[in-house]
Amino acid sequence: MWVSETMLQQTRVDTAVPYYERWMAALPTVDALARAGDEQVLRLWEGLGYYARARNLSRAAREVRERFGGRIPADPDQLRTLPGVGAYTAAAVASIAFGRDVAAVDGNVRRVLARLAAVAGPARRPPASRTLEALAAALLPPGTARVHNQAVMELGALVCTPRDPACAACPVAGPCRARAAGRPEAYPERTQKKTVPHHRVAVGIVCRDDGRVFIDRRPYGGLLGGLWEFPGGKIEPGETPEDALHRELDEEFGLRVAVEGALGPVPHAYTHFRVTLHPFLCRFASMVPRAGEGRPWQWVPGDALDRYPMPRANRKILAQLRTSNLEPERKRSPCPPGSPT
DNA sequence: AAGTCGTGGCA
DNA sequence: TTGCCAAGACT
């Protein structure tokens with residue numbers, strides 16, 4: 001339940017299911033998770049997004065071992081102290097896995113209750129959020145949390161949907177005040193969205209004559225933290241993609257390359273900005289590594305790239321490379337033949 | 001309180 | 001193409 005609820009944060013069930021099956025097969029117990037390395041954990045998580053969830057999950061497994069004797073606590077307040085476990089996940093695990101009588105309030109529940117009681121204001125922020133939490137607790141029939149929580153979430157997911165809710169099929173259409181008011185989809189109130197910035201990024205697939213490719217590891221804590229990627233960086237105003245590539249490779253790694261060809265631009269959308277990747281196939285020329293604490297990097301065989309956790313956008317580039325005619329003349333071995341899974 | 005943090009499906 | 005959003009947590 002803990003793993004599945006974590007995977008389901010901001011993620012659709014259909015998306016999470018195959019990841020869940022694969023994860024539980026590889027790491028079936030808290031102890032197995034506690035002993036697993038971040039490399040394996042992130043590889044299992046690759047493609048699901050919000051990678052802090054995976055890092056927190058393995059950290060929390062170690063805490064369960066050390067602080068709770070290897071037993072996942074049943075008390076929501078204790079669950080809540082584990083990294084990555086917030087109010088919703090604590091309540092979901094406590095109620096569904098352990099039968100505790102606590103209301104789990106997720107986005108579905110907020111929407112259902114906001115409509116049922118016509119609660120004004122953005123549902124995720126006070127004072128509406130407090131009203132909705134109190135309402136959820138008050139409407140929870142004692143002794144039924146395990147089924148009740150899932151029923152309300154399911155109602156929100158299948159019937160009381162964000163747009164065009166199926167009120168005709170709703171078991172609580174009668175007392176629903178938003179429906180009575182005529183516009184159920186007006187609840188909960190939307191918060192205004194900002195227009196997302198768009199960045200252009202140059203990316204280098206840098207190959208050596210021995211068929212190895214350069215990758216670096218993104219710092220923990222930030223965007224795509226802990227994942228490996230092809231080097232590169234933001235294209236500044238007035239700069240060509242190729243100029244940006246040479247500048248970034250030199251600045252970050254002291255890496256000099258010869259560009260052998262360009263791949264098509266790869267569009268990719270993150271949560272709060274969009275990027276267009278401009279990938280270049282490059283031949284390694286020289287490298288004078290920077291002194292100090294740069295980010296980790298290494299040369300890996302092209303066919304080993306699928307063993308490293310990488311961002312989705314990098315996999316897109318790799319897939320494009322395989323279907324292009326841009327692969328360079330080979331001296332000894334292919335560069336990179338990598339067949340990502 | 002408001003920003004950060006992925007990805008894929010859909011209109 | 002663009003915006004919206006989906007079983008949130010953390011800073």
Side-chain angles (χ1 to χ4, degrees), chain A residues 1-20 42 45-57 59-60 79-97 103-113 121-130 132-133 136 146 148-158 160-165 185 188 190-198 218-227 229 265-277 309-316:
Chain A
M1 287 310 308
W2 178 26
V3 170
S4 68
E5 289 298 342
T6 303
M7 286 186 171
L8 288 169
Q9 291 167 8
Q10 302 288 282
T11 306
R12 287 185 170 79
V13 175
D14 289 347
T15 302
V17 165
Y19 285 88
Y20 176 79
L42 286 172
W45 203 272
E46 184 192 306
L48 260 187
Y50 290 132
Y51 297 94
R53 295 183 294 175
R55 301 192 302 267
N56 284 335
L57 209 42
R59 264 211 303 150
L79 283 164
R80 184 71 181 73
T81 67
L82 294 168
V85 180
Y88 165 75
T89 303
V93 171
S95 64
I96 301 172
V105 182
D106 73 336
N108 286 311
V109 176
R110 280 194 203 87
R111 185 173 58 255
V112 168
L113 298 183
R124 287 184 145 79
R125 300 212 295 257
S129 61
R130 302 199 189 289
L132 294 169
E133 284 158 22
R146 175 176 283 150
H148 178 84
N149 283 337
Q150 296 181 80
V152 181
M153 288 190 278
E154 201 73 355
L155 182 65
L158 301 181
C160 194
T161 50
R163 289 172 298 199
D164 196 24
E185 69 281 359
R190 269 73 163 175
T191 55
Q192 67 231 18
K193 300 292 198 290
K194 295 173 172 147
T195 57
V196 299
H198 196 294
R218 297 181 60 89
Y220 273 73
L223 183 75
L224 306 166
L227 272 60
E229 68 176 5
V266 175
H268 193 77
Y270 293 95
T271 306
H272 53 293
F273 65 94
R274 295 170 180 276
V275 293
T276 301
L277 268 31
M310 296 182 82
R312 220 52 171 171
N314 274 233
R315 296 284 181 214
K316 283 188 199 170

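By convention in this document, chain letters (A, B, ...) are assigned in the order of the sequence lines, proteins followed by strands, and residues within each chain are numbered from 1.
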Distance test, side-chain N/O of A:R124 to OP1/OP2 of B:dA1, below 4.0 Å: no
OP1 or OP2 of C:dT1 sitting under 4.0 Å from any side-chain N/O of A:R274?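 No, outside the criterion.
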Nearest whole Å is fine: how far is C:dA7 C1' from A:E154 CD? 10 Å
Whole angstrom value for the distance that separates C1' of C:dC5 from CG of A:D106: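 Rounded to the whole Å, the gap is 14 Å.
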Determine, for nucleotides 3-11 of chain B in 5'-to-3' order, which nucleotides have protein heavy atoms under 4.0 Å from the base (write B), from only the sugar-phosphate (write S), or from neither (write -). SSBBBB---
Inter-nucleotide [atom1] distance ([N], [M]), Å rounded:
N: B:dG8; M: C:dA9; atom1: P; value: 22 Å
N: B:dG6; M: C:dT1; atom1: P; value: 23 Å
N: C:dC4; M: B:dG3; atom1: P; value: 16 Å

Could you state the interatomic distance from CG (A:L8) to CE (A:M153), rounded to the nearest 0.5 Å? 9.0 Å
Base, sugar-phosphate alone, or nothing: which one does [X] contact when heavy atoms must sit under 4.0 Å apart?
X: A:T89; value: sugar-phosphate
X: A:P267; value: nothing
X: A:V85; value: sugar-phosphate
X: A:R80; value: sugar-phosphate

Toward the 5' end of DNA chain C, which comes first, A:V13 or A:G84, by nearest nucleotide?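 On the 5' side of the pair lies A:V13.
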Who passes side-chain hydrogen bond (donor to acceptor under 3.5 Å, both in side chains) against A:H268, sequence neighbours left out? A:K316
